[in-house]
Student: 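Input: one structure, supplied below.
A note on names: the letters A, B, ... follow the listed sequences, proteins ahead of strands, and every chain is numbered from 1.
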Amino acid sequence: MTRRNRIVSVIVAVALAALVLFPFLDVFSGALVRTVTVVVMAAATAQAWNLIGGYTGYPAFGNVAFFGVGGYAVAILMSKLHVDFIPAVLAGGLVAALYATLLGLPILRLKGHYFSIATLGVAEATREVVSNWTALTGGGSGITLPISPDIPPIFNRAMYFSMLAVFVGSVILTYGVTRSKLGYGLIAIREDEDAARSLGINTTRFKVTAFALSALVTGLAGGVYAYWNSQLIPEDAFSLDITLRAILISIIGGPGTLFGPALGAVAFEFMRNYLWDNFPGLQFTFLGLVMVLVIIFMPKGVMEFLTGRRRFTASALLQYVRQNRVS
Amino acid sequence: MLKVENLSAAYGQVQVLWDVSLEVHQGEIVALIGSNGAGKSTLLSTISGLMKPRAGALTFDGRDITGAPTDQIARSGIAHVPQGRHLFAGLTVKENLLMGAYTRRDGPHVQKDLAWVLDLFPSLQRRLAMPAGRLSGGEQQMCAVGRGLMARPKLLMIDEFSLGLAPIVVEQLVETIQTINQEGLTLLIVEQDVQVALEHAHRGYVLETGHIVLSGDAQSLLDNEHVRGAYLGV
């Protein structure tokens, strides 16, 4: 094991231990558990986006469709068919992955902006269908999920650990993908799709696989969210905010990196909370400003910025900016 | 080995190839020459499946590959080194070379072939860990050819082989090409430097505005009036 790998392992172990243990310490209030659940959910959806947007280079703008489909699958299974939470969430993830496979076959033929617009359109269309399919989804008034018998603190903690499981699973999945031939194939597609095809890579199958895996994780997160929220309406389940946050976090953290989304989620949610508390009314202005600065000065994300061989001095910092800024 | 029969290809309404027929035999170096816009790159792209033919037939190794998907054609043993190299700029040289062997399932041989490619292109050895986008033009071409070789193809097609390279680098690459040809690899090469191409090829085809206007063994083309006038400036 190299020195760097050792350091990374230690950081990951400490972070994971903290994430697992802190809900049991009484000094932390239930509110913190809820806040961290939101951060972990954002990290999971960003990690999911990273597979298709970061590694494969296909800027998907409709991942919330999978969040919503996963959520609604859980809501329907639990409220109408009385399925238990865990099997319902797993089924929700699979339904989302299946949906992505069917969608991906046509729209993954598009590239760049065209692909982005198509995914955006599909997400909106999905919301419309869900809003109007009243018999199945309850229409605009949504679905109420069965109430857990647990008292709220226990329930919140259970939901937190469910979301954490989805996130950790997404990191393990991403790690597995990057170590496999699939991962190299996806990166090849991002770098030069024609060249990838000329090397014998079945690019359609690879892209659809990446899209389905991205949808699987997003759908699992949506499923946990549905039960946690106990009420699911189309506006929440298909909110564009879910997609945008996943993308922004991935970009801040470093698209196409394993730990980028986790770092990005912490940075983004911290920033968001800070701006919301201190600059009410101006929060979006500042958020936009920060995003612009990040993209100009750290286009490869925080991850690259932190892990590159760099001395943390003013001159080294300037040199990094000069080398990497968008001109 | 490769048989192109009455091939036509078009970009939308604009037809680029008209009724093109050519053959590449086992063990040959075949040069495809012609001026800019004659359709040389289109012909290679149609053979490798990046473009779909409008009409005509492609046969490789006795199998019909007309209209087959690119990845299937690649797996059947045709490697295409495209114009502009199309390296994976963000991946290292080593990763680029290994990507060439992506669909192979004979792991140990891949390592041996990597050593073989580095033997052919020693200057890549020192660059293995460098992102391919940062190589010089000549090294990029070597990396692209090397990546093609890593697939252990039966037929290697190289497009605009010497474009933008220093004469000494071209000479070096040409030598390497001849070495690998002597080791048994069949090559189809698009080359704008007609002199270089015909001096080292066995046979050649001349493509003009989408039509094959001349073909024959390389020496006879070098002596041909039309070729001399149009491409050699003598």
Student: Select, from B:Arg85, B:His80, B:Met150, B:Glu95, the one with the greatest count of heavy-atom pairs under 4.5 Å involving chain A.
Tutor: B:Glu95
Student: Examine whether an atom of B:Ala89 lies under 4.5 Å from a heavy atom of chain A, and if so say whether it belongs to the side chain, the backbone or both; otherwise answer neither.
Tutor: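 Both backbone and side chain.
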Student: Which atom names give the shortest non-hydrogen contact between A:Lys181 and B:Arg104, and what distance separates them?
Tutor: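 Closest heavy-atom pair between A:Lys181 and B:Arg104: NZ-O, 3.7 Å.
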Student: Measure the shortest side-chain to side-chain distance between B:Leu50 and A:Ser198 over non-hydrogen atoms and say whether it is less than 4.5 angstrom.
Tutor: yes
Student: Are there over 12 heavy-atom neighbours, none belonging to A:Tyr184, within less than 6.0 Å of that residue's OH?
Tutor: no
Student: Got a second to check how far B:Ile73's CD1 is from A:Arg197's CZ, nearest 0.5 Å?
Tutor: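 One finds 10.0 Å between CD1 of B:Ile73 and CZ of A:Arg197.
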Student: Please evaluate residues B:Asp71 and A:Phe206 with respect to the criterion side chain to side chain contact (heavy atoms under 4.5 Å, CB included), reporting the C-alpha separation (whole Å), side-chain torsions for both, the decisive distance (0.1 Å), and the verdict.
Tutor: CA-CA 12 Å; B:Asp71 53 296; A:Phe206 277 51; over 6 Å; no
Student: Give, as side chain, backbone, both or neither, the part of B:Gln72 having an atom under 4.5 angstrom from any heavy atom of chain A.
Tutor: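 For B:Gln72, neither part sits under 4.5 Å from chain A.
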Student: Search all heavy atoms of B:His86 against all heavy atoms of A:Asp192 and return the closest pair with its distance.
Tutor: ND1-OD2, 2.5 Å
Student: For the pair A:Leu199 and B:Arg147, evaluate side chain to side chain contact (heavy atoms under 4.5 Å, CB included) and give the outcome as yes or no after the intermediate values.
Tutor: CA-CA 9 Å; A:Leu199 295 178; B:Arg147 188 178 66 182; 4.0 Å; yes
Student: Please lay out, stage by stage, how A:Ile201 and B:Met99 fare under the test side chain to side chain contact (heavy atoms under 4.5 Å, CB included).
Tutor: CA-CA 10 Å; A:Ile201 296 171; B:Met99 284 305 296; 3.8 Å; yes
